[in-house]
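All remarks here apply to the structure that follows.
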Amino acid sequence: MGEVEALLGRSNRLGADPRNTNYAGGNTSAKETAVDPVTGQPVELLWVKGSGGDLGTLTAAGLAVLRLDRLRALRQVYPGVEREDEMVAAFDHCLHGRGGAAPSIDTAMHGLVEAAHVDHLHPDAGIAFATAADGEALVRACFGDRVVWVPWRRPGFQLGLDIAAVQREHPRAIGVVLGGHGITAWGATSEECEARSLEIIRTAQRYLDEHGRAEPFGPVVHEPLPEAERWVRAAELAPVLRGLASTDAPQVGHFTDAGVVLDFLSRARHPELAALGTSCPDHFLRTKVRPLVLDLPPSAPLPDVVTRLRELHDAYRADYRAYYERHAEPDSPPMRGADPAVVLVPGVGMFNFGRDEQTARVAGEFYVNAINVMRGAESVSRYAPIEEREKFRIEYWALEEAKLARMPKPKALATRVALVTGGGSGIGRAIARRLAAEGACVVVADRNGDTAREVAESIGNADVAVPVTVDVTDAAGVAEAFRTAVLAFGGVDLVVNNAGLSISKPLAETTEADWDLQHDVMAKGSFLVSQQAAKVMRAQGMGGDIVYISSKNAVFAGPDNVAYGAAKADQAHQVRLLAAELGGDGIRVNGINPDGVVRGSGIFAGGWGAQRAAVYGVPEEELGAFYARRTLLKREVLPEHVAAAVVALTAGELSLTTGLHIPVDAGVAAAFLR
């Protein structure tokens with residue numbers, strides 16, 4: 001299996017460099033003789049990256065494995081271009097054993113070319129040639145007879161036949177530039193194939209660097225806003241744009257103000273070039289046929305910008321529906337949604353949207369690729385992407401529809417963005433982890449930045465969780481925490497007011513400072529967080545959930561607990577007040593009343609446990625068991641039980657419930673709600 005190991009190494013190296021190919025773009029293959037376990041005879045096999053995989057992270061499990069003799073025999077039954085989609089199903093009859101990953105549409109390209117190793121990549125420099133109006137002449141000028149031009153053809157069996165014919169008829173050629181698409185290279189060994197791929201990419205880039213004209217996007221007409229102003233404006237726009245982009249289906253957002261984006265948007269020609277859309281199939285499948293572009297200067301007042309974006313969004317949806325209706329045929333899949341995946345705001349940056357954060361982020365990366373392609377093509381020629389009709393044929397390809405149908409069912413909280421205060425320990429940590437497990441993107445907010453970071457990293461990368469350091473008693477800090485959230489994920493849908501502390505003292509010993517501290521953190525802190533949450537949720541127009549982690553002590557009068565109990569009662573009534581006020585915006589406000597959460601609790605570990613154990617006259621290590629014995633169910637309450645209640649309130653089954661308090665106390669009759 002030496003060739004397969006070499007294939008994986010080559011794939012990972014090529015895929016790790018964005019100059020070579022984009023995320024999940026392109027495919028690689030190797031051919032090797034193995035022993036058929038049934039006949040004991042040698043059989044030539046093809047290992048090729050399967051559908052939907054990513055070269056940079058490719059493993060053996062992501063390879064499709066086919067018998068080469070059967071794959072090549074498909075030439076005898078190929079029904080022609082009009083029916084070539086049928087060939088993908090035919091690949092299943094060529095699989096060796098279980099066949100590994102599902103074969104992609106590009107399998108024919110790899111199998112029909114008479115070379116042991118084949119790479120198909122989407123490098124920006126290569127696509128610049130592929131989308132140039134005189135791309136064929138540029139390829140000849142740049143590469144001579146070493147690389148051959150292949151006119152645009154939709155990926156499929158016929159394209160594989162075309163490339164195989166080029167390889168046979170041009171023995172000096174090391175690869176091809178595929179019009180409107182990318183590059184393909186081949187070699188007798190894995191090392192030779194990789195070297196040839198890199199030669200094509202680097203030679204193309206060198207040609208662009210040496211022959212390209214300066215400023216192909218025209219002069220600067222809009223200087224970007226200074227960074228601080230830019231981020232403030234982006235945070236103001238992100239929830240508005242996310243709400244617009246979620247008109248047909250909820251979306252997660254991503255923001256970037258990368259230099260390449262800001263430069264493109266500062267130039268005079270960006271509107272006309274953006275209107276042409278992207279070209280490489282991987283690009284426009286991720287970014288849609290074209291972006292939405294704001295046509296106001298960076299200095300425009302925020303209300304004017306919001307009004308104009310709403311107008312442009314309406315126009316975008318009408319244009320997209322017209323695009324669909326122009327090209328749809330009776331057997332075309334239904335229109336998937338008319339909202340933009342890319343929104344460009346001059347002076348500010350780019351906002352991207354998708355079914356999850358990774359999809360949104362990758363859409364932005366692909367549009368950066370598209371900007372690089374446009375710059376390269378315009379520097380030596382004229383950017384001329386494939387025609388709109390061909391874009392539609394790929395966007396609404398039955399094979400693409402089948403790929404979407406194979407995707408796993410979304411989790412209960414998919415597309416939801418949650419912010420959890422006190423998320424660095426105890427109940428907050430359990431809530432953050434459970435929300436993420438149910439599909440939410442999570443902002444872990446805590447006064448202790450180290451613990452917030454540790455919890456976020458334990459959940460996953462920045463596509464699923466980010467930390468933020470915040471003291472909930474500080475209004476400016478709370479506002480900044482929400483800015484971090486909306487810049488990370490586009491907005492906020494679910495907020496858990498969990499930050500808290502507790503001091504157990506009799507009335508005579510409770511100081512004014514004790515009282516102020518507990519009310520500042522829990523009563524005032526919850527108010528400040530809910531205030532910012534409502535602001536973002538209203539801007540989105542998508543409703544939302546605010547959950548208060550209150551306490552049994554909000555309704556139960558226990559000893560030596562006046563400051564804590566009063567602060568929790570304040571939180572409990574905030575639930576009722578805000579449920580009444582925010583219901584018209586579709587924002588539901590509910591509370592959870594835990595009790596006796598000793599194990600894993602940051603509050604109990606911080607001294608509250610010792611204080612309460614002293615009140616009840618039990619050893620601190622037995623406090624959890626003591627609380628359990630006094631409950632109706634005789635069970636100890638854990639942070640995970642509180643987290644489960646948050647999910648029950650927010651995952652959809654209780655969508656018409658607001659103003660409710662759920663006890664999570666294993667049954668304390670004295671705390672029954674009346």
Side-chain angles (χ1 to χ4, degrees), residues 20-22 25-27 81 84 104-106 108-110 112-113 118-170 173-186 196-197 199-201 203-205 207-208 211-212 273 276-287 289-290 327 366 369-395 397:
N20 299 334
T21 200
N22 38 40
N27 28 70
V81 173
E84 73 171 356
S104 78
I105 189 62
D106 288 320
M109 175 195 307
H110 293 269
L112 299 180
V113 169
V118 178
D119 292 337
H120 168 58
L121 304 171
H122 301 150
D124 294 349
I127 304 174
F129 278 74
T131 57
D134 51 353
E136 184 172 6
L138 286 170
V139 168
R140 192 179 306 112
C142 179
F143 298 101
D145 60 358
R146 197 159 172 78
V147 176
V148 179
W149 172 265
V150 175
W152 160 259
R153 185 184 293 280
R154 188 173 66 159
F157 202 84
Q158 185 60 56
L159 182 59
L161 290 171
D162 294 346
I163 297 172
V166 168
Q167 191 232 1
R168 285 194 309 272
E169 297 164 8
H170 297 79
I174 64 169
V176 296
V177 170
L178 305 173
H181 189 164
I183 70 167
T184 297
W186 48 78
R196 288 176 167 183
S197 292
E199 177 185 337
I200 294 173
I201 295 166
T203 302
Q205 186 61 60
Y207 186 94
L208 296 174
H211 296 83
L273 291 169
L276 294 175
T278 54
S279 186
C280 174
D282 270 19
H283 289 188
F284 60 77
L285 282 173
R286 303 277 188 159
T287 64
V289 66
R290 61 181 59 87
H327 303 298
F366 274 63
N369 291 137
I371 292 172
N372 292 335
V373 166
M374 287 186 276
R375 177 184 292 107
E378 285 287 329
S379 73
V380 293
S381 177
R382 176 175 57 83
Y383 176 61
I386 61 175
E387 63 180 26
E388 184 183 271
R389 167 68 178 164
E390 288 299 298
K391 293 180 182 181
F392 180 87
R393 291 181 67 219
I394 289 182
E395 184 178 359
W397 204 352

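- Taking CE from Met374 and OG1 from Thr278, the interatomic distance works out to 8.0 Å, rounded to the nearest 0.5 Å.
- In this structure, CG on Asn20 lies 9.5 Å from CG on Asp119, to the nearest 0.5 angstrom.
- Here the closest non-hydrogen pair linking Gly26 and Thr21 is N-OG1, 4.0 Å.
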For this session: Under the side-chain contact (heavy atoms from CB on, under 4.5 Å) rule, what do Phe129 and Leu208 come out as? Steps first, then yes or no, please.
Result: CA-CA 9 Å; Phe129 278 74; Leu208 296 174; 4.0 Å; yes
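- Annotation: side chain of Val373 is in contact with side chain of Tyr383 (closest heavy-atom distance under 4.5 Å).
- Looking only at side-chain heavy atoms (C-beta outward), Pro281 and Trp397 stay at 4.5 Å or farther from each other.
- The NE2 atom of His327 lies 7.5 Å from the CZ atom of Phe392; values are rounded to the nearest 0.5 Å.
- Taking the six-membered ring where tryptophan is involved, the planes of Tyr207 and His211 are essentially parallel, since the angle between them stays under 30° and well short of 60°.
- Shown here for Ile394 and Leu285, the closest heavy-atom pair between the two residues is O-CD2, 3.9 Å.
- By the 4.5 Å heavy-atom criterion applied to side chains, Glu388 and Arg290 are counted as neighbours.
- In this structure, Ile174 and Phe143 have side chains that are not in contact, with every pair of non-hydrogen atoms separated by 4.5 Å or more.
- Annotation: side chain of Asn369 is not in contact with side chain of His122 (no heavy-atom distance under 4.5 Å).
- Atoms CZ and CG, from Phe366 and Asn22 in turn, are 3.5 Å apart once rounded to the nearest 0.5 Å.
- Using modelled atom types, one side-chain atom of Glu84 and one backbone atom of Phe157 make a donor-acceptor pair closer than 3.5 Å.
- Formation of a donor-acceptor pair under 3.5 Å by the His120 side chain with backbone atoms of Ile183 is found in this model.
- Distance OG/Ser104 to NE2/His110: 6.5 Å, rounded to 0.5 Å.
- The two residues Ala132 and Leu138 come nearest to each other via the heavy atoms CB-CD1, 3.6 Å.
- Rounding to the nearest 0.5 Å places NE2 of His181 at 10.0 Å from CG of Leu121.
- Arg196 and Glu199 are not joined by a salt bridge, as no carboxylate oxygen comes within less than 4.0 angstrom of a charged side-chain nitrogen.
- Taking each heavy atom of Ser197 and Ala185 in turn, the nearest pair found is OG-CB, 3.5 Å.
- Not a single donor-acceptor pair under 3.5 Å links the side chain of Trp152 to the backbone N or O of Ala130.
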Problem set entry | Test side-chain contact (heavy atoms from CB on, under 4.5 Å) applied to Leu159 and Val150, step by step | CA-CA 9 Å; Leu159 182 59; Val150 175; 4.2 Å; yes
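- Of all non-hydrogen atoms in Leu112 and Gly160, the two that sit nearest each other are CD1-C, 3.9 Å.
- In this structure, the side chains of Leu178 and Ile163 come closer than 4.5 Å at one or more pairs of heavy atoms.
- Contact detail for Pro155 and Asp106: the closest heavy-atom pair is CB-OD1, 3.7 Å.
- At distances below 3.5 Å, not a single donor-acceptor pair connects side-chain atoms of Arg154 with backbone N or O atoms of Glu390.
- The backbone N or O of Pro385 lies less than 3.5 Å from no partner atom in the side chain of Thr131, so there is not a single donor-acceptor pair.
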